[in-house]
2 protein chains.
Amino acid sequence: MKLEVQKKNLIEELGVHLEGDNLAPLAARILSTLILSGKKGVTFDELVCQLQAGKSTVSTHLDHLQNSNRVKYFTKPGDRKRYFVIDPNLILNVMDEMIDKWEKEKKLHLKIKEYKKQCNCEAEETGDFQFDLDFQEDFLTFLEETSTAVKKFKAKLLVRNN
Amino acid sequence: MKLEVQKKNLIEELGVHLEGDNLAPLAARILSTLILSGKKGVTFDELVCQLQAGKSTVSTHLDHLQNSNRVKYFTKPGDRKRYFVIDPNLILNVMDEMIDKWEKEKKLHLKIKEYKKQCNCEAEETGDFQFDLDFQEDFLTFLEETSTAVKKFKAKLLVRNN
DNA sequence: CCTTTAGTTCGGAAATTTCAGAACCAAAGT
DNA sequence: ACTTTGGTTCTGAAATTTCCGAACTAAAGG
């Protein structure tokens with residue numbers, strides 16, 4: 001199959017997939033395009049044209065993508081255009097986000113565990129425990145272990161890249 | 001602090017958090033309520049009252065939550081009401097979902113890698129490679145490792161529970 | 001200065017999601 | 001047979017998200 005056709009199909013497929021992470025359709029298409037366009041970068045106008053989108057839309061979404069450390073740009077001397085590329089640390093940033101989210105989740109579930117314990121204490125005399133603390137326990141271990149797995153891999157990457 | 005107040009606060013806090021996983025606000029509140037109400041279960045009417053929501057809304061969202069294996073219900077003999085509780089396998093199901101998602105992602109990125117390789121080949125003579133395959137390589141390893149970490153933990157849980 | 005380029009910002013239109021009310025249904029009680 | 005209970009389904013309203021166009025700005029070119 002011709003490379004251009006392949007690219008268009010992949011942009012769409014990856015785009016749909018990326019929408020899963022709370023990205024607006026067009027934001028997902030932008031990111032997808034950048035992922036599939038490589039180091040040479042894509043300009044603002046190219047994005048507007050290729051995605052058939054409004055300038056304002058592209059501008060806003062590019063802002064978002066840059067603020068969330070997914071996208072960067074570089075310039076060429078004597079050329080006012082910006083060449084957008086995916087942030088070279090994208091994987092690391094994604095991992096950091098995951099770790100962060102799990103960290104928050106852990107704190108929340110510790111609070112919940114506390115609450116459940118208190119509830120079970122109150123029901124002591126009746127012997128009618130409301131909560132199975134195993135669930136909470138398991139979930140916390142789950143978050144812990146998954147977190148460390150990602151952290152380890154992150155460390156490995158960092159060592160290798162230096 | 002009084003347990004009831006604690007519970008209400010936790011339901012809201014956990015609810016907001018759960019909205020992060022593509023759940024509608026009310027769906028998140030339902031799940032949150034069930035998580036914080038334990039084994040005794042919560043009836044349809046209690047959900048409608050406590051969450052101040054329409055019956056149709058609760059009905060629809062409960063459907064969703066059951067179809068996505070997050071929620072189950074049990075009944076009591078001689079009592080037509082349904083007592084909703086979180087699915088006892090919720091953690092396992094969540095893990096399966098994660099593994100599934102990563103599996104799909106892996107397939108997609110293998111396709112992308114293929115595409116990138118072809119692109120780089122075409123640009124062979126110019127020496128002007130469009131893609132740094134490291135990114136793709138790293139990402140695939142990342143998915144692989146995170147997946148196995150979760151799978152291992154899942155296996156551990158399964159062994160313990162039997 | 002005036003124009004062109006490369007965008008940004010603002011206001012609102014269009015699409016989508018989320019929710020509620022009314023009508024409905026099926027099983028159980030009377 | 002009628003009523004109550006415990007929901008479900010359908011239709012549309014309200015809220016939110018997503019996007020676009022028009023007007024604007026700032027830097028560079030002529």
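Proteins come first, then strands; the chains are lettered A, B, ... in the order of their sequence lines, and each starts at number 1.
- Following rounding to the nearest Å, B:I30 (CD1) and C:dT18 (P) show an atom-to-atom distance of 13 Å.
- At C:dA20, one or more side-chain N or O atoms of B:T57 fall inside 4.0 Å of OP1 or OP2 (strictly under the cut-off).
- A donor-acceptor pair under 3.5 Å is absent between the side-chain atoms of B:T57 and the main chain of B:A53, judged by distance alone.
- Without hydrogens or angle criteria, A:R70 side chain to A:Q66 main chain gives no donor-acceptor distance under 3.5 Å.
- Using a 4.0 Å cut-off, some side-chain N or O of A:R82 falls inside it from OP1 or OP2 of C:dT8.
- Mapping B:S59 and A:A24 onto DNA chain D by nearest heavy atom places B:S59 closer to the 5' end of the strand.
- Of the candidate nucleotides D:dC19, D:dA22, C:dA26, D:dC19 has the atom lying nearest to any side-chain atom of A:P25.
- For B:K55 against D:dG7, a side-chain-to-base donor-acceptor contact under 3.5 Å is present.
- Proximity note for B:F44 (side chain, C-beta onward) versus C:dC19, D:dG7, C:dC10: the nearest is D:dG7.
- Residue contacts for A:Q52: at a heavy-atom cut-off of 4.0 Å it reaches the sugar-phosphate backbone alone, with no base atom in range.
- Between the CG atom of A:D79 and the P atom of D:dG29 there is a distance of 11 Å, given to the nearest Å.
- Atoms CD (B:E46) and P (D:dG6) sit 11 Å apart, rounded to a whole Å.
- In this structure, A:H61 places its NE2 atom 15 Å from C1' of C:dT9, rounding to the nearest Å.
- Salt-bridge annotation for B:E19 and B:R29: present, with a side-chain N of the basic residue lying under 4.0 Å from a carboxylate O of the acidic one.
- Rounded to whole angstrom, the span from the CG atom of A:L23 across to the C1' atom of D:dT18 amounts to 13 Å.
- Rounded to whole angstrom, the span from the NZ atom of B:K81 across to the C1' atom of D:dT8 amounts to 18 Å.
- A side-chain donor-acceptor contact under 3.5 Å links A:T148 to the backbone of A:E145.
- Atom CG in B:L47 sits roughly 13 Å away from atom P in C:dA20 (whole-Å rounding).
- Ring centers of A:Y83 and A:Y73: at least 6.0 Å apart, outside the cut-off.
- If you measure from atom CG of B:L62 to atom P of D:dG6, you get 15 Å, rounded to the nearest angstrom.
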